[in-house]
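Note sheet for the following structure.
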Amino acid sequence: MNYLLKGRLCGFICADCPEPLSFVKVRLYRVRSQQNAVALAAAAPKDTLAILDDATAAAKQSQLLAEVETDAEGNFSVELGEQHKYEGEAVEVDVYCATVPHRKPTPTPPAPRQFTITVLQPKWRQTELGLTAAWEYCLPHRFWCALRGLFGAWTICGRVTVCDNQQPVGGVKVRAFDVDWLQDDALGFGITDATGRFRIDYTTADFTPTIFSPAINLELTGGPDLYFKVETLVGTVLLAEPRSRGRDPDRENAGPCFCVKLCLKEQPPINEPLPVFTAIGGYQYVTDIHSTPPGSGLTQGDNRAFFSTLRLNGILPKKLNGNPMEYRFEVRTTDASGTPTSGWTAIAPGQIARTVLGLWQIYAPAFPGDPNPIKTKLYTVNGTAGPTELVTTISAAGWIQVPQQSNVFGVEGFFQPNGNMINLISPSLAAFGAVSLTGVTGGNSSTSNGAALAQDRHYSIRMRVREQGSAAPGVDAGVCEHVAIMNTLYDNISHHPSWAGYIQSGALGVSMLDIAQLQASGCSHITNALDVMFTATHPNLGAVNIDMQGPGGPYSFTLPAAVAGERFGTATPNFSVAALPVCAYLVTLSVELLLTTGDSAPSPLYDQIAFCK
């Protein structure tokens with residue numbers, strides 16, 4: 001019987017400011033014999049939450065059922081079944097955090113943490129997919145903020161409104177400061193959204209340095225003493241709190257999570273926002289990528305390189321200085337630490353995949369009482385114009401004109417941008433090429449034929465903007481200083497040639513599996529020895545695992561230690577081969593590649609081989 005558990009995890013910064021537990025690992029354990037499963041499952045999670053030390057977490061390893069990573073929204077899905085010897089019983093739910101969401105990078109990353117949430121008895125219901133259950137939990141702010149504090153991750157979550165009527169104020173910049181005895185520390189800033197909400201993330205290091213740092217670091221209290229300034233995006237001050245406000249009891253010695261409400265006397269004039277490139281897919285490059293030299297250019301937390309087509313996005317207004325705007329992207333190469341090694345070059349039209357910039361809409365009922373009077377079309381870069389699509393102009397030099405339509409009730413219609421700017425075809429940035437595995441067999445290094453290991457390439461990416469029709473080079477509107485990109489492929493991979501063998505080319509990585517005892521004849525029977533040989537290769541190699549399905553299974557193996565970019569050799573069975581029941585067995589190699597487009601990651605690579613005992 002298959003059991004599918006779907007869940008979602010979040011944590012409260014404060015009562016009205018939750019955040020998803022993005023890219024953390026959910027670990028499900030069997031309930032141990034000394035635990036009272038019934039009592040623990042009945043208890044409220046707030047009474048069972050506990051941060052584990054390394055020894056306690058390690059002691060539970062033998063009871064681990066499954067491990068899965070949450071997505072950007074904190075969602076996860078894990079399938080349990082016969083291979084896990086699972087029959088629907090209660091499980092203990094832990095979370096392993098290599099970091100916490102939105103934590104700013106620091107030279108020395110903090111130690112990972114694992115904590116227990118609860119013992120969960122899923123409420124299974126029958127579906128076409130088997131038995132399924134759903135579970136959501138949001139960590140109380142006291143616990144979640146204490147955990148964030150252990151990572152040195154401090155957060156301000158707030159809202160800006162008009163004082164008299166509480167209308168939200170969107171599109172303004174909120175700056176946070178800490179009152180210090182020698183000098184005030186600027187902690188960072190956030191831009192309010194349409195609901196007036198903003199967020200500022202900072203670290204302990206942002207409010208502990210003094211003018212004598214790093215020799216002397218002094219802070220009279222345990223946390224920052226906060227005061228704020230609110231400005232328009234072009235710097236006009238709308239609210240300037242006195243620094244003495246930071247010494248008031250409600251602002252003094254703020255903890256790792258602080259929530260605040262600010263209000264303005266009146267709604268500021270509505271203007272076009274400033275253009276800014278902020279993200280690669282769903283990754284904000286300032287906070288979610290090690291993009292500040294000497295950072296690695298990989299993603300925070302899971303250390304993924306980027307590959308394939310990348311969605312570059314941010315805030316895309318129609319105008320600049322009150323005039324129609326156009327933009328383009330430029331790249332330059334860097335070394336592995338982010339130091340530039342070339343000048344900037346423009347991304348050409350041919351390097352941009354079809355990109356949906358937003359929607360064009362017009363109020364045009366087809367007949368009186370038309371239930372859908374507002375008609376829409378997609379607006380694209382490098383798309384195909386047609387009944388449902390409009391295409392904007394891009395010059396040979398890569399300048400893209402932002403559509404200007406602004407009258408939904410007129411014949412011109414109205415263009416509403418969605419923040420997408422270009423879909424960059426990252427393989428076009430360089431000749432990434434392919435590595436040939438000709439002559440390499442499972443169990444050996446991919447370099448045994450003389451081929452070198454592939455390496456990530458490194459780039460800076462920036463957006464430039466200018467008024468349409470201008471001949472100026474434009475001005476910067478967001479610079480990702482360092483990002484790692486890998487698009488090298490692998491050819492001529494020979495999969496277990498003695499048993500249903502085949503040659504694979506164009507693979508993202510290498511996953512090769514073979515059994516020594518089958519090499520003379522793919523139909524040889526296994527008796528008392530099983531030498532599973534494997535090769536897994538990629539410069540961004542993730543988890544590598546070998547397991548075996550069959551009567552009494554699943555069975556596991558111990559793998560040789562990894563080396564840079566590779567894991568290969570002979571896997572040792574964690575079971576007696578001679579004691580296996582007479583039957584057929586299937587050995588599976590799974591290889592995780594730490595890659596992302598910014599919006600999705602590739603599925604693990606698999607190779608399988610069967611034998612008879």
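Everything quoted here is computed from the prediction, not taken from an experiment.
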Task: Intermediate values then yes/no, side chain to side chain contact (heavy atoms under 4.5 Å, CB included), Arg332 and Thr345 - done: CA-CA 6 Å; Arg332 66 182 177 190; Thr345 60; over 6 Å; no

TODO: Kindly compute the distance separating CD (Gln608) from OG (Ser590), expressed to the nearest 0.5 Å.
DONE: 10.0 Å

Open item on the list: Within the 3.5 Å criterion, strictly below it, is a donor on Glu19 or Trp144 matched to an acceptor on the partner's side chain?
Closed with: yes

Open item on the list: So which atom in Pro101 and which in Ser22 form the shortest heavy-atom distance, rounded to 0.1 Å?
Closed with: CG-N, 3.8 Å

- [ ] For Lys6, look at atom NZ and say whether over 12 heavy atoms of other residues, nucleotides or ligands are found less than 6.0 Å away.
- [x] no

- [ ] Would you verify whether the NZ or CZ of Arg148 falls within 45 degrees of the ring axis of Trp154 while also being under 6.0 Å from that six-membered ring's centre?
- [x] no

Enumerate donor-acceptor pairs with a distance under 3.5 Å from any side-chain N or O in residues 410-432 to protein atoms, sequence neighbours excluded.
residue	atom	partner	partner atom	Å
Glu412	OE1	Ser406	N	3.3
Asn418	OD1	Asn420	N	2.9
Asn418	ND2	Val356	O	3.1
Asn420	OD1	Arg311	NH1	2.9
Asn420	ND2	Val356	O	3.3
Asn423	ND2	Arg354	O	2.8
Ser426	OG	Ser308	N	3.3
Ser426	OG	Ser308	O	2.4
Ser426	OG	Asn487	ND2	3.0
Ser428	OG	Gln351	NE2	3.2
Ser428	OG	Ile425	O	2.6

TODO: With sequence neighbours excluded, tell me which residues meet side-chain contact (heavy atoms from CB on, under 4.5 Å) with Leu453.
DONE: Ser446, Thr447, Gln455, Thr537, Glu566

Open item on the list: Checking the side chain of Asp491 only, and the main-chain atoms of Ser436 only, is there a donor and an acceptor separated by less than 3.5 Å?
Closed with: no

Open item on the list: Looking at Thr597 and Asp599, would you say the former's side chain and the latter's main chain have a donor-acceptor pair under 3.5 Å?
Closed with: yes

Open item on the list: Using the ring-ring contact (aromatic ring centres under 6.0 Å, His included) criterion, which residues pair with His458? Sequence neighbours excluded.
Closed with: His482

Open item on the list: Before you tell me yes or no, could you show the steps for Leu378 and Leu359 under side chain to side chain contact (heavy atoms under 4.5 Å, CB included), namely the whole-Å CA-CA distance, both residues' side-chain angles and the distance that decides it to 0.1 Å?
Closed with: CA-CA 5 Å; Leu378 297 176; Leu359 280 178; 3.7 Å; yes

For residues 280-287, dump all side-chain donor-acceptor pairs below 3.5 Å to protein atoms at least two apart in sequence or in another chain.
residue	atom	partner	partner atom	Å
Tyr285	OH	Phe277	O	2.7
Tyr285	OH	Val479	N	3.1

Task: Thr299 and Thr596, any side-chain heavy atoms less than 4.5 Å apart - done: yes

Task: Contact check, side chains of Val544 and Leu589, non-hydrogen atoms, under 4.5 Å - done: yes

Open item on the list: Does any part of the side chain of Val591, heavy atoms only, come nearer than 4.5 Å to the side chain of Tyr606, both counted from C-beta?
Closed with: no

- [ ] With rounding to the nearest 0.5 Å, note down the distance linking CD in Glu231 to CD1 in Ile191.
- [x] 9.0 Å

TODO: Look up atom CD in Gln361 and atom CD1 in Ile374, then write down how far apart they are to the nearest 0.5 Å.
DONE: 5.5 Å

Task: Pairwise side-chain contact, Phe329 with Leu312, heavy-atom cut-off 4.5 Å (strictly under) - done: yes

Task: Partner set under salt bridge (Lys or Arg N to Asp or Glu O under 4.0 Å) for Arg567, not counting sequence neighbours - done: none

Open item on the list: Any non-hydrogen side-chain atom of Thr384 less than 4.5 Å from a side-chain atom of Val391?
Closed with: no

Task: Expected output: side-chain Thr192 to main-chain Val172 donor-acceptor under 3.5 Å - done: yes

Open item on the list: Is there a side-chain contact between Ile546 and Val587 in this structure, where contact means two heavy atoms from C-beta onward sitting under 4.5 Å apart?
Closed with: yes

TODO: Give a yes or no on whether the backbone of Ala353 and the side-chain of Asn382 come within a donor-acceptor separation of less than 3.5 Å.
DONE: no

Open item on the list: Salt bridge check, Arg466 against Glu326: does any charged N sit closer than 4.0 Å to a carboxylate O?
Closed with: yes

- [ ] Classify the side-chain pair Ser337/Asp335 by whether it contains a donor and acceptor separated by less than 3.5 Å.
- [x] yes

Task: Donor-acceptor under 3.5 Å (Thr535 side chain, Gly443 main chain) - done: yes

Open item on the list: Using a 3.5 Å distance criterion without hydrogens, assess whether the side chain of Gln404 forms a donor-acceptor pair with backbone atoms of Val402.
Closed with: yes

Open item on the list: Would the distance check show the side chain of Thr341 and the main-chain N or O of Thr333 forming a donor-acceptor pair, the cut-off being under 3.5 Å?
Closed with: yes

Open item on the list: To the closest 0.5 Å, what do you measure between CG (Asp302) and CD (Glu69)?
Closed with: 5.5 Å

Open item on the list: Measuring from atom CG of Asp71 to atom CZ of Arg8, what distance do you get when rounded to the nearest 0.5 angstrom?
Closed with: 9.0 Å

Open item on the list: I'd like to know if the side chain of Asn449 and the backbone of Ala451 have a donor-acceptor N/O pair within less than 3.5 Å.
Closed with: yes

Task: Pairing residues for His290 by the ring-ring contact (aromatic ring centres under 6.0 Å, His included) criterion, not counting sequence neighbours - done: none

Task: Verdict with reasoning, Leu437 to Val510, per side chain to side chain contact (heavy atoms under 4.5 Å, CB included) - done: CA-CA 9 Å; Leu437 274 289; Val510 178; 4.1 Å; yes

Task: For Trp360, all residues meeting ring-ring contact (aromatic ring centres under 6.0 Å, His included), sequence neighbours excluded - done: none

Open item on the list: Among residues at least two apart in sequence or on other chains, which ones pass side-chain contact (heavy atoms from CB on, under 4.5 Å) with Thr441?
Closed with: Asn444

Task: Validation row: Thr392, Thr380 side chains within 4.5 angstrom (heavy atoms) - done: no

Open item on the list: Please determine whether side chain to side chain contact (heavy atoms under 4.5 Å, CB included) holds for the pair Ile289 and Phe306, giving the CA-CA distance in whole Å, both sets of side-chain angles, and the decisive distance to 0.1 Å.
Closed with: CA-CA 10 Å; Ile289 302 173; Phe306 289 83; 3.5 Å; yes

Open item on the list: If only side-chain N and O atoms count, and only distance matters, is there a donor-acceptor pair under 3.5 Å linking His495 with Asp607?
Closed with: yes

Open item on the list: Just to verify, what does Ala543 make a side-chain contact (heavy atoms from CB on, under 4.5 Å) with, not counting sequence neighbours?
Closed with: Glu592

Open item on the list: If we count only N and O atoms by modelled type, under 3.5 Å, do the side chains of Ser460 and Thr334 hold a donor and an acceptor together?
Closed with: no

Task: Crowding at NZ, Lys375 (>12 non-hydrogen neighbours, <6.0 Å) - done: yes

Task: Set of residues satisfying salt bridge (Lys or Arg N to Asp or Glu O under 4.0 Å) with respect to Glu79, sequence neighbours excluded - done: none

TODO: Hey, could you give me the CG/CG distance between Leu541 and Asn303, rounded to the nearest 0.5 Å?
DONE: 12.5 Å

- [ ] Would you mind checking if Arg462 and Glu330 are paired as a salt bridge, meaning a charged N to carboxylate O distance below 4.0 Å?
- [x] yes

Task: Non-neighbouring partners of Arg27 that pass salt bridge (Lys or Arg N to Asp or Glu O under 4.0 Å), sequence neighbours left out - done: Glu67

- [ ] With sequence neighbours left out, write down each residue that passes ring-ring contact (aromatic ring centres under 6.0 Å, His included) with Phe189, or none if nothing qualifies.
- [x] none

Open item on the list: Taking the side chain as everything from C-beta on, heavy atoms only, tell me whether Arg199 gets closer than 4.5 Å to His102.
Closed with: yes

Open item on the list: Less than 3.5 Å apart, any donor N or O on the side chain of Asp201 or Thr155 sitting next to an acceptor on the other?
Closed with: yes

